[in-house]
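Here is the structure we will look at.
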Amino acid sequence: FTKPLPADGTERWLLGERYLRQYYGLQPGLMGNLKPSDLMSEKIRTMQSFFKLKVTGKLDDNTLDVMKKARCGVPDVAEYN
Amino acid sequence: LFPRKLKWQNTIVTFRITNYTPDLEKEDVDKAIHNALKVWSDVTPLKFKRLHEGVADIMISFGKLEHGDHNPFDGPNGLLAHAYPPGMGLGGDTHFDEDETWTKDSDAYNLFLVAAHEFGHALGMAHSNDPGSLMYPVYAYTPGFPLSEDDIKGIQELYGTNPDGGKIKPKPEAPEKCDPELSIDAVTELRGEMLVFKDRYFWRVHPQFTEPQLGLIQSTWPQLPKKINAAYENPEKDIVIIFSGIRMWALNGYTLVPGYPKYIHRLGLPKSIRKIDAAVYISDTGKTLLFTDEEYWSYNEETGTMDQGYPRSIKDDFPGMRENDGDEVDEVDAATYRNGYLYLYHENLQYEYSYNRRKVVRILRANDLLHC
């Protein structure tokens with residue numbers, strides 16, 4: 001389907017964090033030590049339920065797979081300020 | 001829709017193309033923009049007026065990375081374009097990422113389709129989570145009129161219907177996987193996953209995930225037809241054969257095998273056969289069963305020939321398939337094989353046929369396959 005998913009954890013996190021900031025209103029700098037803050041897990045769950053994925057709150061392969069697809073830049077839930 | 005249902009207050013909306021992409025001829029860009037706006041004026045009272053100078057409601061431009069609105073693009077792929085909801089100044093403006101390759105065909109990324117989506121935002125539409133909708137956030141190339149019923153419902157809630165609009169044919173909304181009446185068109189294994197096809201869509205059922213993933217057939221395989229009749233996997237050859245009408249395609253994983261499509265009659269079927277309803281590979285025998293109307297054929301994968309003594313009657317060889325009202329079932333929509341059991345799908349039911357006991361031993365709902 002899409003380019004191979006990033007193997008190492010850091011790249012996965014950065015991709016996920018960038019995606020959630022862009023489309024789900026995640027505030028920057030909530031990464032901590034690459035551990036999903038509660039807020040980040042909540043944003044992941046919001047994104048997973050929007051795309052009808054299994055809601056895990058984690059950046060699993062299926063979720064990252066969707067995050068890597070070409071898409072529109074308008075946020076999915078947060079109001080466009 | 002966006003919060004507060006933002007919309008333009010008058011039905012004449014102006015637009016201006018302020019620059020062009022080098023990927024396409026100028027007139028191709030003009031045409032893509034015109035057709036993308038027409039998609040929305042076809043179903044509402046809205047009219048679009050083009051300006052060649054000054055400030056228009058919808059200012060259209062191509063730009064890279066940071067392009068003046070503090071909402072930077074990200075280079076090739078990923079983020080393709082964005083647009084702002086109706087309003088003063090930046091409101092309605094639509095920007096395309098010049099780092100993408102813009103096309104006028106099925107190659108990524110088709111400018112008309114992305115523009116039609118972005119103008120949806122410029123008119124007040126937010127994203128839809130129906131994968132068959134134009135307002136779905138992920139790019140998917142599909143030919144034809146791009147609006148689904150979901151898109152039309154949304155835009156007409158803002159602006160009403162088009163009083164003199166011709167009859168347009170919206171795309172049907174995505175099937176509801178747990179609808180008890182759900183029937184399926186085809187089903188096949190693919191390297192341990194299960195693909196379930198219905199209309200323009202398919203579900204990917206992965207053994208590790210409880211939630212099947214819904215997608216559009218043509219956004220994954222643009223060369224396949226919108227709707228397919230049957231599919232089966234031959235794991236020995238690591239290929240999946242997809243049937244639609246009198247043609248068949250071969251998939252190796254998710255890539256199409258060159259040299260296809262071929263005619264189904266290459267398998268040894270008579271020309272009178274115009275479509276295959278269901279197909280399944282029986283790993284214990286190395287035979288593929290092909291179901292056509294009330295009969296079925298047996299194809300020897302090793303020799304590449306049809307077995308003698310076929311076609312045979314489905315009703316005679318797979319007794320015990322009965323509908324809810326007791327009528328005998330003599331046709332099949334889809335078929336799979338697992339651990340000595342043949343699963344035959346007809347309408348909203350699936351029949352578990354035991355080869356050992358030579359009869360149907362269980363009847364389930366078809367969407368039991370989709371964890372419903």
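Every chain is numbered from 1 and lettered A, B, ... according to where its sequence line falls, protein lines coming before strand lines.
- Neither the backbone nor the side chain of B/Glu100 comes within contact range of chain A; no heavy atom of the residue lies under 4.5 Å from a heavy atom of that chain.
- Counting heavy-atom pairs under 4.5 Å between each of B/Pro131, B/Ala108, B/Ser128, B/Pro212 and chain A puts B/Ser128 at the top.
- Looking at heavy atoms from C-beta onward, B/His127 lies in side-chain contact with A/Arg71 at the 4.5 angstrom threshold.
- Counting non-hydrogen atoms of other residues, nucleotides and ligands closer than 6.0 Å to NZ of B/Lys104 gives a total of 12 or fewer.
- The closest side-chain heavy-atom distance from A/Gln22 to B/Asp74 is not below 4.5 Å.
- Heavy atoms of B/Ala126 lying under 4.5 Å from chain A are absent altogether.
- With a threshold of 4.5 angstrom between heavy atoms, B/Tyr109 approaches chain A through side-chain atoms but not through N, CA, C or O.
- Considering every non-hydrogen atom in both A/Phe50 and B/Pro137, the closest pair reads CE2-CG, 3.6 Å.
- Considering NZ of B/Lys177 and NZ of A/Lys52, their distance stands at 9.5 Å, rounded to 0.5 Å.
- For B/His206, the side chain to side chain donor-acceptor pair (under 3.5 Å) criterion is met by B/Gln208, not counting sequence neighbours.
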Task: Trace of the side chain to side chain contact (heavy atoms under 4.5 Å, CB included) decision for B/Leu79 with A/Tyr23 - done: CA-CA 10 Å; B/Leu79 202 170; A/Tyr23 305 114; 3.6 Å; yes
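- The closest side-chain heavy-atom distance from A/Asp76 to B/Tyr136 is not below 4.5 Å.
- Within the 4.5 Å cutoff, side-chain heavy atoms of A/Cys72 are placed close to those of B/His121.
- Looking only at side-chain heavy atoms (C-beta outward), A/Val74 and B/Phe2 come within less than 4.5 Å of each other.
- B/Asn129 and A/Ser49 make their closest contact through ND2-O, 4.5 Å (heavy atoms, listed as atom of the first residue, atom of the second, distance).
- Residues satisfying the side chain to side chain donor-acceptor pair (under 3.5 Å) criterion with B/Ser148, sequence neighbours excluded, are B/Ser133, B/Asp151.
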